[in-house]
Enquirer: 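Got a structure here, written out as structure tokens. Questions coming.
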Amino acid sequence: MQAYMRGLAVANCGCFGIYLTQRLNWFVLLQDALTLLYAAVLFRSARTAPTRSGREEVRGGAGIR
């Protein structure tokens with residue numbers, strides 16, 4: 001973002017590796033921001049998800065054990 005704000009011409013921003021070369025522009029910065037947002041949402045949902053033990057608990061039913 002710093003290079004974009006300073007108006008530097010960057011041929012490949014390196015945001016998505018060497019195989020997807022893109023010039024640095026506002027759309028690439030938007031893609032980076034969305035990728036960070038998705039990562040934060042996944043991280044938060046993984047931390048707040050209930051943990052499951054190896055065995056399933058049977059509730060109700062016909063009492064089959």
Side-chain angles (χ1 to χ4, degrees):
M1 182 158 185
Q2 175 204 23
Y4 182 75
M5 297 297 266
R6 289 176 36 196
L8 298 176
V10 178
N12 181 15
C13 68
C15 302
F16 300 102
I18 60 172
Y19 300 108
L20 182 61
T21 58
Q22 295 179 331
R23 298 183 77 163
L24 184 61
N25 59 21
W26 67 270
F27 187 71
V28 173
L29 294 175
L30 180 65
Q31 286 177 328
D32 289 345
L34 282 175
T35 302
L36 286 174
L37 177 67
Y38 294 151
V41 167
L42 287 173
F43 181 73
R44 181 175 175 153
S45 66
R47 292 191 65 195
T48 59
T51 58
R52 298 176 70 169
S53 65
R55 294 182 295 183
E56 292 285 327
E57 182 178 323
V58 178
R59 297 182 184 183
I64 301 172
R65 293 179 188 217

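What you see below is based on every heavy atom in this structure, not just the backbone, and it leaves out hydrogens, waters and symmetry mates. One-based numbering along the sequence shown.
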Enquirer: First locate atom CG of L30, then atom OG1 of T35, and finally report the distance between them rounded to the nearest 0.5 Å.
Expert: 9.0 Å

Enquirer: Using 0.5 Å steps for rounding, measure from the CG atom of L42 to the CZ atom of R47.
Expert: 14.0 Å

Enquirer: Applying a strict under-4.5 Å side-chain criterion to I, L, V, M, F, W and Y, I'd like to know whether V41 and F43 cluster together.
Expert: no

Enquirer: Looking at CG of L37 and CG of D32, how far apart are the two atoms once the value is rounded to the nearest 0.5 Å?
Expert: 12.5 Å

